[in-house]
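Heavy atoms only: backbone and side chains are in, while hydrogens, waters and symmetry mates are out. Note on naming: letters A, B, ... go to the chains in the order of the sequence lines (proteins, then strands), and numbering restarts at 1 for each one.
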There are 2 protein chains.
Amino acid sequence: MTSLVRSVSESTVRRLSLYLRTLERLQAEGAETVASGDLADRAGTTAAQVRKDLSSFGSFGTRGLGYRVGPLHARIREILGLTRPWRVVLVGAGRIGSALFAYPHFRERGFRIEAILDSDPAKIGGVWEGVTIQSAAHLEQVLARAEAEILILAVPAGAAQELAERAAAAGVRGILNFAPVRLRLPDEVEVNNVNLAVELEALSHALVLAEVQG
Amino acid sequence: MTSLVRSVSESTVRRLSLYLRTLERLQAEGAETVASGDLADRAGTTAAQVRKDLSSFGSFGTRGLGYRVGPLHARIREILGLTRPWRVVLVGAGRIGSALFAYPHFRERGFRIEAILDSDPAKIGGVWEGVTIQSAAHLEQVLARAEAEILILAVPAGAAQELAERAAAAGVRGILNFAPVRLRLPDEVEVNNVNLAVELEALSHALVLAEVQG
DNA sequence: GATTGTGAATTATTTCACAGCT
DNA sequence: AGCTGTGAAATAATTCACAATC
């Protein structure tokens, strides 16, 4: 069987996600086709970049016309692994956890938060939209019962490594980590780090640079 | 006057932010010096990368010994523009806004949220830790009174462009944008986008790839 | 006439490897 | 002996430019 999903670079993958959202807007606008230049403008890149990205998985644009919005959308969903739902467990029922749980774009894309865990007794037993917050002590059982594939880690830095290790041992395949620490885990566990301080600090660096350079 | 801040690549800047946090942990552990290899392990990169990153702004490691933790920390703070406070206004008092407002790492690094805005009448007038949520209709006045330099945009996609334009016109210099849209703004406004759907989709892509490749 | 697909050229980033300090 | 600083080499990502196609 030939793979439907070829290896593409990390930066291409991130742009594909942007294209996907753009294509959804185009669909809502009733567009049938889109040219690379138009897609690039809307997604914030260049026409050549769009074409390179799309050609990397043997694309099917039409010369003179552009790409058909529907089929391209379907193909990118496939590449990104969004054609089936993902079972997700959220660890950390603080503010970030709450924001992620309610983030509409996650559910739209098929990321199903099956369970919520926290270690704060004041939070355990609480209910969010029908989902009861359980004790993080039961991480392994919860992951097993949910057959969770993805863990969203939204806990303080000090708690992240231990929880991540336990989740990895329990068979979780990917972790989206919001704790500002580098997780040390077996290679087969995919980790994607989101560090909000990095984002703000990159901005502040850009601002001082702009000051100095006029 | 020679600039204290040289141009370094975007990826270097992001790693510097990681090194900064690592150095803070080392300081807390009482370490006086750190070798590039150790810093690399803790920050999740390589020794050569660390040395290249640090040498790009004329660093002052000691051969045979490593880098002195305190001075290196101070130098990176300088590079990242963290030696002075930043005046920040938060737009969007939803769940993401709430998480960001309470995120301790922002305040620790001198990002001061001076005002909170929202357009939902149910939220306006609410108070978060002494800060009253004001109407987004008054964006310009609030930005002027706060002399805000940075805007954190945590609003729905549909509202982001208009608010960003108004903030740019009112003189904001940088925007940390959580809305999943590409903002079109004058070049002098720095924009850093955080797109949570992209992060999760990059993870799901990695997982399907791992499945296919064994 | 418009727009893709893609090799080639360019630019950026990472890794190597080792001379040079302490 | 240990570790930095850095040119050189290798690799990766982006941009160019144009023939191929509709």
Donor + acceptor pair across side chains of R77(B), T83(B) (<3.5 Å): no
Distance-only polar pair, side chains of R51(A) and S36(A), donor-acceptor under 3.5 Å: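 Yes, side-chain donor-acceptor contact under 3.5 Å.
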Note: [X]-[Y] ion pair, threshold 4.0 Å (strictly below):
{"X": "R84(A)", "Y": "E211(B)", "value": "yes"}
{"X": "E140(A)", "Y": "R166(A)", "value": "yes"}
{"X": "R109(A)", "Y": "E201(B)", "value": "yes"}
{"X": "R87(B)", "Y": "E149(B)", "value": "yes"}

Along DNA chain D (nearest heavy atom to each residue), the more 5'-positioned of S9(A) and L65(A): S9(A)
Sidechain-backbone polar pair: S9(B) side chain, T12(B) backbone, donor-acceptor under 3.5 Å: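 Confirmed, S9(B) side chain pairs with T12(B) backbone.
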d(CG, D38(B); P, dG2(D)) in whole Å: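 Answer to the nearest Å: 15 Å.
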Ring-face cation of R95(B) near F101(A) (centre distance under 6.0 Å, axis angle within 45°): no
Chain A footprint on DNA chain C, 5' to 3' - any atom under 4.0 Å from a heavy atom: dA2(C) to dA8(C)
Phosphate OP1/OP2 of dG5(D): any Y67(B) side-chain N/O under 4.0 Å: yes
Q49(A) side-chain N/O to dT15(D) phosphate OP1/OP2 under 4.0 Å: yes
Touch class at under 4.0 angstrom, heavy-atom based, for T12(A) against every strand present: nothing
Contacts under 3.5 Å, N or O only, protein and nucleotides 16-19 of chain D:
{"unit_1": "dA17(D)", "atom_1": "N6", "unit_2": "R51(A)", "atom_2": "NH2", "d": "3.3"}

